[in-house]
Amino acid sequence: MASAEELKKLNVARRICKAQLTMFGKFIENLDLDDGLSSTEINQLVERFNKLDTIFDKFEAAQSELELHATDLDEEVNERAEFEDRFYGLKADGKDLLDKFSKADRSAKVSNANESMPPSPLAGVKLPVISLPTFSGDYKDWLGFRDTYVSLIHNNHSLNQIQKFHYLRASLQGVASQVLETLEFTDNNYDVAWTTLSERYNNT
């Protein structure tokens, strides 16, 4: 049986997780979506969104312990349900915003580039959409991912370092995403991230 002091610490940990989730919700509510988002706001949204799963994991750890030692299990189950409903709702809202504004940003760049280019002989021909490549850490998929990513993102001079870092993290899944999870999301760390990933998977 957990001591009173241990239960107190678990309750505090749970309250912190709930407070952090509330702060994320307020951040979204305070965004002026009608005027679009600045690059700073988008970067903040990315950082806050990426921390949501960590908040959930900490809540899960504290909540599971509290449920094991609960005198009123129904109350604890309601606590979990309330948090999870709030969490998944806000995570969906955050993902919708990221999808919306990253697409708008890409569209604006394409539009500006097209204005300065002469008409293409392929104008009017519908070409297939090139999707952002993904990589989950399987070595046999690395070369294909690397070449496509370098062509679309890494060598794209219209993107700044923080945008490239965002696309890189969005492209990685599973084990591959864990390679970069300790790196702070900054301009300077993009080159560090790409070098770290390349050195690991280029290792024949």
Side-chain angles (χ1 to χ4, degrees), residues 12-64 77-111 129-137 145 149 152-154 156 158-190 192-194 197:
V12 169
R14 181 172 66 182
R15 287 200 299 272
I16 291 172
C17 293
K18 293 169 72 173
Q20 290 174 323
L21 194 62
T22 297
M23 285 188 286
F24 179 75
K26 289 182 177 179
F27 172 77
I28 289 180
E29 290 174 4
N30 291 332
L31 292 174
D32 187 354
L33 303 180
D34 293 334
D35 293 335
L37 299 183
S38 66
S39 60
T40 299
E41 288 173 325
I42 292 175
N43 291 338
Q44 279 200 45
L45 178 59
V46 170
E47 280 298 284
R48 290 170 184 265
F49 180 83
N50 287 338
K51 290 180 180 178
L52 284 179
D53 286 340
T54 300
I55 294 172
F56 184 87
D57 290 342
K58 290 180 179 179
F59 174 85
E60 173 71 19
Q63 183 63 29
S64 296
V77 170
N78 288 335
E79 281 276 357
R80 177 185 289 276
E82 180 182 339
F83 181 88
E84 289 187 356
D85 287 345
R86 178 73 170 152
F87 172 82
Y88 288 117
L90 286 173
K91 187 170 184 180
D93 290 342
K95 188 175 188 305
D96 287 343
L97 287 175
L98 288 174
D99 288 344
K100 175 182 178 181
F101 287 102
S102 63
K103 288 177 182 176
D105 184 56
R106 289 197 297 272
S107 296
K109 285 183 171 60
V110 170
S111 177
V129 176
I130 301 177
S131 301
L132 192 67
T134 58
F135 179 63
S136 61
F145 165 78
Y149 176 84
L152 292 178
I153 306 297
H154 188 69
N156 188 337
S158 67
L159 299 176
N160 60 37
Q161 295 294 84
I162 201 72
Q163 289 171 322
K164 291 179 181 180
F165 204 169
H166 168 63
Y167 287 127
L168 178 60
R169 289 170 60 166
S171 299
L172 301 179
Q173 302 172 352
V175 176
S177 66
Q178 297 173 11
V179 176
L180 307 182
E181 64 183 4
T182 60
L183 280 178
E184 186 178 357
F185 189 66
T186 65
D187 282 347
N188 294 334
N189 274 348
Y190 171 70
V192 176
W194 180 245
L197 193 70

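All figures in this text were calculated on a predicted structure; none of them were measured in a lab. FYI, the numbering just counts along the sequence from 1. Values below: every heavy atom of this structure, side chains too, minus hydrogens, waters and symmetry copies.
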| said: Evaluate V175 against F135 for side chain to side chain contact (heavy atoms under 4.5 Å, CB included), listing each step before the verdict. | reply: CA-CA 9 Å; V175 176; F135 179 63; over 6 Å; no
| said: Tell me whether S171 contacts the main-chain N or O of P133 through its side chain, where contact means a donor paired with an acceptor under 3.5 Å. | reply: yes
| request: List for me each residue that meets side-chain contact (heavy atoms from CB on, under 4.5 Å) alongside S64, sequence neighbours excluded, and say none if there are none. | output: E60, R80
| task | Give the minimum heavy-atom separation between I153 and K164, together with the two atoms involved. | result | O-CE, 3.5 Å
| Spacing of CG belonging to N43 relative to NE2 belonging to H166, to within rounding of 0.5 Å | 9.0 Å
| field | Pair E79-K18, salt bridge (Lys or Arg N to Asp or Glu O under 4.0 Å): steps then yes or no | value | CA-CA 10 Å; E79 281 276 357; K18 293 169 72 173; 3.1 Å; yes
| field | Nearest non-hydrogen partners of F49 and K95, listed with the distance | value | CE1-N, 3.5 Å
| task | Find out whether L90 and D93 are in side-chain contact, i.e. whether some heavy atom of one side chain is under 4.5 Å from a heavy atom of the other. | result | yes
| query | Can H154 and Y190 be counted as having a side-chain donor-acceptor contact under 3.5 angstrom? | reply | yes
| query | Are F83 and Q63 close enough, and set up right, to give a side chain to side chain contact (heavy atoms under 4.5 Å, CB included), and what steps lead you there? | reply | CA-CA 10 Å; F83 181 88; Q63 183 63 29; over 6 Å; no
| request: Of all the heavy-atom pairs spanning V46 and L98, show the shortest one and how long it is. | output: CG2-CD2, 3.5 Å
| request: Please name the pair of heavy atoms, one in R169 and one in L183, separated by the smallest distance, quoted to 0.1 Å. | output: NH1-O, 4.5 Å
| query | Going from CD1 on I55 to CZ on R48, what distance comes out if it is rounded to the nearest 0.5 angstrom? | reply | 9.5 Å
| message | What verdict does the side chain to side chain contact (heavy atoms under 4.5 Å, CB included) test give for Q161 and N188, after you've listed the backbone C-alpha separation in whole Å, the side-chain angles of each residue and the deciding distance to 0.1 Å? | response | CA-CA 8 Å; Q161 295 294 84; N188 294 334; over 6 Å; no
| task | Run the numbers on L21 and L52 for side chain to side chain contact (heavy atoms under 4.5 Å, CB included), then give the verdict. | result | CA-CA 8 Å; L21 194 62; L52 284 179; 4.0 Å; yes
| message | Distance check, rounded to the nearest 0.5 Å: L172 atom CG versus E181 atom CD? | response | 11.5 Å
| task | Verify, without hydrogens or angle tests, whether N189 (side chain) and F185 (backbone) share a donor-acceptor contact under 3.5 angstrom. | result | no
| task | Kindly write out the residues that satisfy side-chain contact (heavy atoms from CB on, under 4.5 Å) with N156, not counting sequence neighbours, or none if the list is empty. | result | S158, L159
| query | Below 4.5 Å, heavy atoms only, C-beta onward: do L168 and L197 meet side chain to side chain? | reply | yes
| How are the rings of F59 and F56 set to each other: parallel, tilted or perpendicular (split at 30° and 60°)? | tilted
| message | Is any side-chain heavy atom of L45 closer than 4.5 Å to one of F24? | response | yes
| query | What distance do Y167 atom OH and Y149 atom OH have between them, rounded to the nearest 0.5 Å? | reply | 10.0 Å
| task | Quick one: pull up CZ in F165 and CD in E184 and give me the separation to the nearest 0.5 Å. | result | 9.0 Å
